[in-house]
Novice: 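Quick one: this structure, given as structure tokens, is what I'll be asking you about.
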There are 2 protein chains.
Amino acid sequence: MFKDAARAVPQRAASEETRRQILDTGLVLFREKGFDSTTIREIATKAGLSLGAAYYYFTSKEAIVAAYYDYVQTQHLERARQAFETAKTFKQRLLAAYHTKIDVMEGDERLLRALFRFGGDPDHPLSWFGPASREQRRLSVAVFEEALGNEKLPDDVRSAAPTLLWTLHMGVLLYFLYDSSPSHRRTRKLIDAAVDFVVDAKRVATLPLMRPIRRRVLTILEEAALLPTVAA
Amino acid sequence: MFKDAARAVPQRAASEETRRQILDTGLVLFREKGFDSTTIREIATKAGLSLGAAYYYFTSKEAIVAAYYDYVQTQHLERARQAFETAKTFKQRLLAAYHTKIDVMEGDERLLRALFRFGGDPDHPLSWFGPASREQRRLSVAVFEEALGNEKLPDDVRSAAPTLLWTLHMGVLLYFLYDSSPSHRRTRKLIDAAVDFVVDAKRVATLPLMRPIRRRVLTILEEAALLPTVAA
DNA sequence: GTCTATAAAGGGATAGAC
DNA sequence: GTCTATCCCTTTATAGAC
């Protein structure tokens, strides 16, 4: 994830091994004790390395968490695709897209909180919306693009939908982070309800009658640069 | 803002003066150099005090930024109320509520980014949604409650609206933080467009016909604990 | 209650030797 | 690639002046 997540692109297998060692150790500790309470010194020691060595592989503590999100992204795409194969309806595909994301992240809340922490600050390289994380975001949005499949949609909706679904997904993640219900039941329920809403909204928004209103809303969002621009 | 924003409730006027001195100096430096690059040592020195004195008044660096948000809150309420006095329509009141918030914060983006940074992490005392900031949030929502004025609204809408408007306001703030257009023109335009949308949405949502759908959506949000519960 | 001076623990990040 | 040493910072703590 993000610029400088790794300082070195390791050349040898041994080096790749060391990197993985630091990452895994770091994740274990982050999960156990949270982000703040875990020190790089501790990670390095537990991984059998010196402090400096850890910094050779990761430019900062955050970079370790960022690398974790790369993993989440890969996993999400993989699991979602798998689910898409058997999902018949649009609704089922949407449900799969959202639920698989939570599946991947379940158990890692403390870690994710650390990640989320830097998201709001545009100055920060780990910002959710900043230029440094563009590629990450693109991959994240792409899953929702795949979820649309070959659903018949007006052009403007098709081009806006992935970003809108991704935005909803950010909201769900935020909810997830605060959700202390057993097995994240509340998050699961919220996803189900949200997907129902999306399906309804899609039905209404794609009515020919609704085109002018829809265009007006989408134009506002485009002008605000909140959506990729549609060719007029 | 938040628990422990100030360690001491000052007793003497002189002491209040010192506190203000630290706060002001801190804000100047934060604005100039950002949050990370400013040290408490520097704040203390420039304010003509010892390091210990700074810590006597503020438990942490964040606490200084948090104190700034107290000021934003106070200013927002004051300016919004002033604008409400001359605002005739619902739309004008909404516009006032959103624009005055930006008015107060304009020029302080770097500072706000530092604040925002901790918002997403529920473990953090400065979280936007956590229990520690409950009172702050209540005050922040209250402005939007006042914006509703004596507008005629169904009970369920009236009780949900302030929180919904506040949520929109959080979105606007996020946009604001990323908005580098001159004079934040884009943010201003977005607010105008969003308020138009809200006014339309209100019109539609309060149609007697829409009651069942409205109830369904509000119930989902209530069950997700995203809204204060309405008496059935 | 307000503040100075000072020390020390602890951790992020970096420089430079090997 | 890896290590040690070091810097600088936050934060806590303490002793005492006024």
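So that the names make sense, note that chain A is the first sequence line, chain B the second, and so on, each numbered from 1.
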Novice: Could you tell me the separation between the CD atom of E16(B) and the P atom of dT2(C), rounded to a whole number of Å?
Specialist: 10 Å
Novice: Between R19(B) and D24(B), does at least one N-O distance fall below 4.0 Å, as a salt bridge requires?
Specialist: no
Novice: Could E135(A) and R138(A) be called an ion pair, given the rule that one side-chain N must be under 4.0 Å from one carboxylate O?
Specialist: yes
Novice: Given dT2(D), dG1(D), dT11(D), identify the nucleotide with an atom nearest to the side chain of T18(A).
Specialist: dT2(D)
Novice: Are D36(A) and R117(A) packed together at the side-chain level, in the sense that at least one heavy-atom pair is separated by less than 4.5 angstrom?
Specialist: yes
Novice: From the set dA13(C), dT4(C), dT2(D), return the single nucleotide nearest to any side-chain atom of K61(A).
Specialist: dA13(C)
Novice: Would you classify T38(A) as touching base, sugar-phosphate or nothing, given that sugar-phosphate means primed atoms plus P, OP1 and OP2, and contacts are heavy atoms under 4.0 Å?
Specialist: sugar-phosphate
Novice: Grab the CZ-P distance between R20(A) and dG1(D) for me, whole Å please.
Specialist: 17 Å
Novice: Of the options dT11(D), dT4(C), dT2(C), whose atoms approach the side-chain atoms of S15(B) most closely?
Specialist: dT2(C)
Novice: From dT2(D), dT11(D), dG12(C), pick the nucleotide closest to the side chain of S60(B)?
Specialist: dT11(D)
Novice: Using a heavy-atom cut-off of under 4.0 Å over every strand shown, decide if T39(B) touches base, sugar-phosphate, or nothing.
Specialist: sugar-phosphate
Novice: How close or far is atom P of dT2(D) from atom CG of L51(A), stated in whole angstroms?
Specialist: 14 Å
Novice: For the side chain of Y56(B), counting heavy atoms from C-beta on, which of dT2(C), dA13(C), dT2(D) is nearest?
Specialist: dT2(C)
Novice: On the 0 to 90° scale, with breaks at 30° and 60°, tag the F129(A)-Y178(B) ring pair as parallel, tilted or perpendicular.
Specialist: perpendicular
Novice: Whole angstrom is fine here: how far is it from OH in Y55(B) over to C1' in dT12(D)?
Specialist: 9 Å
Novice: Within the structure provided, determine whether L177(B) and L173(B) are in side-chain contact (heavy-atom separation under 4.5 Å).
Specialist: no
Novice: Measure from CD1 on I43(B) to P on dT11(D) and round the result to the nearest Å.
Specialist: 11 Å
Novice: Heavy atoms under 4.0 Å, any strand shown: does L49(A) hit a base, just sugar-phosphate, or nothing?
Specialist: sugar-phosphate
Novice: Do R41(A) and dG10(C) share a donor-acceptor pair, side chain to base, under 3.5 Å?
Specialist: no
Novice: Whole Å only: how far is the CD atom of Q21(B) from the P atom of dT4(C)?
Specialist: 12 Å
Novice: Can you tell me the distance, in whole Å, between the CD atom of E17(A) and the C1' atom of dG1(D)?
Specialist: 15 Å
Novice: Could you state the atom-to-atom distance from CD1 of I64(B) to P of dT11(D) in whole Å?
Specialist: 9 Å
